[in-house]
Amino acid sequence: DMLHYIAVREAVRVPALINVETDLTEADGYTLMTLGVQGLILTASKDDETTRQRIVALRELLEKIHHEEKDTPSLRK
């Protein structure tokens with residue numbers, strides 16, 4: 001399914017934006033990276049501090065995955 005999704009997205013040249021309403025796990029992050037998602041839309045909380053914490057946690061997760069992926073050879077190149 002992932003390969004089909006990637007092929008279709010690349011064929012139509014539409015950026016992949018995903019709405020994120022809950023916290024992402026590390027497995028979710030790897031899936032998003034594999035799918036080639038270009039952007040995430042975060043749902044803001046009524047509490048600014050909660051929203052800030054979610055942004056920080058998501059940034060740290062994506063940075064960790066990016067660094068690990070950078071050090072691992074890719075099949076998509």
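Residue numbers run from 1 in the order of the sequence given.
- For Asp48, the side chain to side chain donor-acceptor pair (under 3.5 Å) criterion is met by no residue, not counting sequence neighbours.
- Checked against side chain to side chain contact (heavy atoms under 4.5 Å, CB included), Gln53 has the following partners two or more places apart in sequence or in another chain: Glu49.
- Checked against side chain to side chain contact (heavy atoms under 4.5 Å, CB included), Val12 has the following partners two or more places apart in sequence or in another chain: Val14.
- Take Glu21 and apply the side chain to side chain contact (heavy atoms under 4.5 Å, CB included) test, not counting sequence neighbours, and it matches Asn19, Thr43.
- Ser45 is linked by a side chain to side chain donor-acceptor pair (under 3.5 Å) to nothing, counting only residues two or more places apart in sequence or in another chain.
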Quick one: side chains of residues 22-29, donor-acceptor pairs under 3.5 Å with protein atoms, not counting sequence neighbours, listed by atom name and distance.
unit_1: Asp23; atom_1: OD1; unit_2: Arg54; atom_2: NE; d: 3.3
unit_1: Thr25; atom_1: OG1; unit_2: Ala27; atom_2: N; d: 3.4
unit_1: Thr25; atom_1: OG1; unit_2: Asp28; atom_2: N; d: 3.1
unit_1: Thr25; atom_1: OG1; unit_2: Asp28; atom_2: OD2; d: 3.1
unit_1: Glu26; atom_1: OE1; unit_2: Lys64; atom_2: NZ; d: 2.9
unit_1: Glu26; atom_1: OE2; unit_2: Lys64; atom_2: NZ; d: 3.3
unit_1: Asp28; atom_1: OD2; unit_2: Thr25; atom_2: N; d: 3.0

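- Of the inter-residue distances, the one linking Gln38 atom CD with Ile18 atom CD1 reads 9.5 Å to the nearest 0.5 angstrom.
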Query raised in the report: Checking side-chain contact (heavy atoms from CB on, under 4.5 Å) for the pair Leu58/Leu40: CA distance, chi angles, key distance, verdict?
Result: CA-CA 10 Å; Leu58 181 61; Leu40 300 173; 3.6 Å; yes
Report task. Before giving the answer on side-chain contact (heavy atoms from CB on, under 4.5 Å), spell out for Ile55 and Arg52 the whole-Å C-alpha distance, their side-chain angles and the decisive distance to 0.1 Å. Result -> CA-CA 5 Å; Ile55 292 169; Arg52 188 190 73 71; 5.7 Å; no
